[in-house]
Amino acid sequence: MNTDLILRQQLMQRVFARMNDRQREAVFCVDGPLLILAGAGSGKTTVLINRIANLVQFGRAYHSPEIADLTEAQRAELQACASGLQMPSPELLSLLAVDPCPAWRILAITFTNKAAGELKERLVARLGPEGNDVTAGTFHSFCARILRREGEYLGYSSHFTIYDTDDSRRLMKEILKSRGIDEKTLPVKTVLGEISRAKDSLMSPDDYAAAMSVDPRLRKVSDCYAIYQARLKEADAMDFDDLLCKTVELFTTHPEVLQRYQNRYDYLMVDEYQDTNHAQYRLVSLLAARSGNLCVVGDDDQSIYQFRGATIENILNFEDEFAGCKTIRLEQNYRSTGRILTAANHVIAQNKGRKGKTLWTANPEGEKIDIVTFDNGDEEARWIAGRILDKVAVGAHLRDFAVLYRANAQSASIETALVRSGIPYRIFGGHRFYDTQEVRDAMAYLRVLCNPTDAVALRRIINQPRRGIGDTTLERAAGLAEQQDIPLYEVLSHADEYADLQRASAKIKGFIAMMDALRDKLEQPDVLPHDVYREMLEVTGYQKMWELQGEAEAERVQNLQELESAIRKYEDESDEGAASLAGFLEEASLMTDVDNYDADADTVVLMTMHAAKGLEFPTVFLPGMEDGVFPSLQTMFEPDKMEEERRLCYVAITRARERLIITNAVSRLMYGQTNRNRPSRFLNDIPPAVKAETKKTTARPFMTEAFGGNRGGFDGGFGGYGHRSGGVRTSYDDSRMPDYESYSQETPPAAARSSWAATPATPPKPATPAAPCAWQVGDRVKHNAFGSGTVKAASPMGNDVLLTIAFDKIGEKKLMGKFARLEKES
DNA sequence: TTATGGCGATTTTTT
DNA sequence: ATCGCCATAA
């Protein structure tokens with residue numbers, strides 16, 4: 001009997017053999033509250049997957065004294081499996097399990113949709129179709145699902161609309177205007193920020209009003225909050241924050257509903273716990289209150305969203321809040337080289353109030369961290385592009401490179417340099433597809449079809465294209481709606497009955513009739529959402545409106561087509577007959593850019609450091625490492641913000657697997673102004689032993705050595721950059737990239753992924769086929785930025801060719817043949 | 001009601 | 001540098 005228990009433990013150790021001791025401990029610890037402090041790259045996703053797999057396959061078996069009686073044959077099989085000779089059969093598994101948990105009773109909450117998708121994918125790879133039964137989603141998507149089902153308890157319909165920040169802004173603008181509040185004294189974003197903070201901490205408009213001081217400005221905010229909520233309600237709409245706090249409200253006011261969800265889920269897991277806010281904490285506590293099985297994973301050092309309401313206290317106090325909590329630290333990093341990790345550790349060590357954690361790695365030390373200084377941002381950007389081409393020339397993939405910056409505004413110069421070098425890249429953040437005017441308008445049409453009471457959407461499109469229904473008319477109609485407490489759409493439907501609307505009533509009725517007809521179509525069976533979308537573009541004249549603008553707005557027409565593809569894609573991915581327009585709108589409203597990140601596409605990646613959280617790249621560039629850029633100017637004098645900034649730096653550094661290249665510039669053009677910045681203070685914290693500093697700056701004769709040397713503190717204006725003519729030669733080793741295998745557990749090699757016993761084998765890289773080359777050595781070519789030149793060398797690479805071209809004016813450049821827009825010159 | 005031009009203010013991060 | 005607001009003119 002006792003030996004059976006030991007054998008079972010041995011077998012389980014084998015099944016989860018690919019993990020280290022601490023990780024396995026987390027996997028086997030299934031009962032009660034568990035805090036996993038997972039350092040960057042410590043394989044926390046792997047732990048989550050395995051922990052769920054353990055719950056489903058073995059339940060509480062590892063620490064349980066119970067075991068079924070085994071026959072001799074079964075014991076023989078167990079013995080064989082325990083010594084790694086064979087894999088356990090399903091029969092044996094079910095015999096060994098103690099209280100296994102059906103997948104559908106597990107809830108996993110992640111930070112992004114992409115993370116949730118990945119989790120699902122890997123669970124299916126591990127558990128088969130049953131993996132799909134795990135509820136995995138973001139807080140927002142999970143709450144949205146609950147509210148669609150249960151919203152009626154709170155007076156919302158099942159097809160309520162989700163307002164995004166732009167919708168909220170429009171609505172608030174209207175409110176401020178109607179209340180005669182000058183936007184200069186009380187900006188929209190200030191009001192919305194206050195409201196958002198209130199919602200994060202679960203304060204209703206009444207709570208807020210009650211807690212308010214006599215500050216007249218905050219009194220106004222309080223009024224606006226109340227009106228804002230009322231207007232949302234009238235529009236059958238919720239904003240992002242509502243999704244969370246309305247769910248909490250639902251659970252606290254309707255215990256019987258809460259109980260249903262508590263009973264449904266036996267095990268809860270929350271990823272990125274350091275980025276949760278108070279409302280999210282409450283939600284999780286409520287859901288886990290029955291089972292008590294709450295596992296949160298997070299890293300206090302990677303908390304970078306406090307600025308938008310995340311409270312690090314959630315993680316710092318977890319052990320106090322949840323009695324009997326067990327804490328497990330994952331400190332072995334599988335991602336980065338030793339030097340990169342050393343740098344990260346030293347940077348983060350400067351922060352106070354940490355849980356305390358030092359990452360270590362068994363990975364090779366790796367190359368030193370390059371720190372390169374330039375005269376200006378353009379030089380910096382050009383060098384980065386050149387460096388990428390150099391490495392691609394010796395076998396690197398474009399997708400191996402990421403450029404991570406503090407603010408989106410920094411992307412422009414990098415983009416220019418990449419375009420000039422013909423390097424394909426993808427950029428995340430900044431203007432997104434769903435944020436373009438035309439896509440938002442088209443979406444607004446669809447929203448009005450699904451939910452006519454959505455006043456923000458209605459006002460957005462009613463005169464787009466021009467229908468002669470202007471502001472005056474709309475203001476009157478909105479006034480009437482408010483007076484009678486009915487939806488704007490309702491007033492417009494009966495426009496002819498109001499004296500005030502006589503003049504425009506024919507036009508209004510035409511518009512309403514058109515929308516009603518489209519809505520009828522929507523309800524017909526066998527009509528797919530994209531059919532309705534297409535017809536909408538047609539009959540509303542919206543697409544025509546852009547087409548008439550000609551070539552200049554061609555991209556907008558393209559985006560409208562693209563939206564149709566997105567709808568079709570949604571239809572394809574939905575279950576037969578389950579694709580509804582409302583469903584698409586919901587998915588789209590909770591979609592973010594990073595969700596679309598495709599690690600396989602072979603291009604360089606540009607994104608903010610925030611957006612890069614959770615991702616990793618072989619080579620990472622961190623441009624703009626200057627005080628005032630990173631750390632950003634508005635954080636430099638506030639200690640709390642400075643700490644968050646430092647954590648962001650830690651996150652950025654730990655994205656790199658093999659190489660980290662940090663750059664800065666003596667002077668930089670940003671927001672239309674040229675600034676001279678000192679090198680980032682974070683650089684001081686990186687030990688000299690792991691960094692290789694290089695100056696690529698030109699002489700400034702009027703400066704002497706006396707000005708050189710950077711001591712701490714501000715020296716007003718001119719930072720100390722004294723260099724002799726010619727600068728210092730580059731010193732970095734230009735040989736090939738390190739060739740060791742990367743041990744990343746977050747992305748195991750495909751071959752190793754499903755095999756249960758260790759011996760991961762990396763499949764050999766397929767040879768890259770030679771591509772036909774449009775350019776020959778000796779050709780004369782013309783480039784629209786660099787002018788004329790002669791092709792000096794052409795080496796095939798992937799399905800493209802790397803050209804070295806000697807330009808007449810500016811010397812030699814390396815360009816990718818497919819992407820550089822070259823013309824032949826006779 | 002719509003189109004245009006000039007002006008001023010605004011630049012962190014985003015589910 | 002870019003965006004959004006406002007006033008003015010058509």
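Letters A, B, ... are given to chains in the order of the sequence lines, protein chains preceding strands, and every chain is numbered from 1.
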Open item on the list: Using the six-membered base ring of dT13(B), report whether Phe307(A) stacks on it, requiring centroids under 5.5 Å and planes under 30° apart.
Closed with: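 According to the criterion (under 5.5 Å, under 30°), yes, Phe307(A) stacks.
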Between [N] atom [atom2] and [X] atom [atom1], what is the distance in whole Å?
| X | N | atom1 | atom2 | answer |
| --- | --- | --- | --- | --- |
| Asn314(A) | dT15(B) | CG | P | 19 Å |
| Lys173(A) | dG4(C) | NZ | C1' | 7 Å |
| Gln302(A) | dT13(B) | CD | P | 20 Å |
| Asp164(A) | dT14(B) | CG | P | 15 Å |
| Leu243(A) | dT14(B) | CG | C1' | 14 Å |
| Asp640(A) | dT13(B) | CG | C1' | 16 Å |
| Leu283(A) | dT15(B) | CG | C1' | 14 Å |
| Arg466(A) | dA3(B) | CZ | P | 4 Å |

Check every strand shown and say whether [X] touches a base, only sugar-phosphate, or nothing at a heavy-atom separation below 4.0 Å.
| X | result |
| --- | --- |
| Thr473(A) | sugar-phosphate |
| Phe139(A) | nothing |
| Ala409(A) | nothing |

- [ ] Could you tell me whether the phosphate oxygens of dT15(B), OP1 or OP2, come under 4.0 Å of any side-chain nitrogen or oxygen in Asn277(A)?
- [x]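 For dT15(B), neither OP1 nor OP2 has a side-chain N or O of Asn277(A) closer than 4.0 Å.
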- [ ] Report yes if a side-chain nitrogen or oxygen of Thr112(A) is closer than 4.0 Å to either non-bridging phosphate oxygen (OP1 or OP2) of dT15(B); otherwise report no.
- [x]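 Checking dT15(B) against Thr112(A), no side-chain N or O comes under 4.0 Å of OP1 or OP2.
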Measure up the [X] and [Y] rings against each other and bin them: parallel (under 30°), tilted (30 to 60°), perpendicular (over 60°).
| X | Y | answer |
| --- | --- | --- |
| Phe630(A) | Phe682(A) | perpendicular |
| Tyr542(A) | Trp546(A) | perpendicular |
| Phe251(A) | Tyr261(A) | tilted |
| Phe318(A) | Tyr273(A) | perpendicular |

Task: Residue whose closest nucleotide on DNA chain B lies nearer the 5' end, Glu645(A) versus Gly470(A) - done: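 The 5'-side residue here is Gly470(A).
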Task: Phe111(A) or Arg503(A), whichever maps to the more 5' nucleotide of DNA chain B - done: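 That would be Arg503(A).
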TODO: Using a strict 4.0 Å threshold on nitrogen-to-oxygen distance, state whether Asp301(A) and Arg647(A) make a salt bridge.
DONE: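 Looking at Arg647(A) together with Asp301(A), the answer is no, because their closest N to O distance does not fall below 4.0 Å.
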Open item on the list: If I pick the C1' atom on dG4(C) and the same atom on dT13(B), what distance separates them, to the nearest angstrom?
Closed with: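 About 22 Å, rounded to a whole number of Å.
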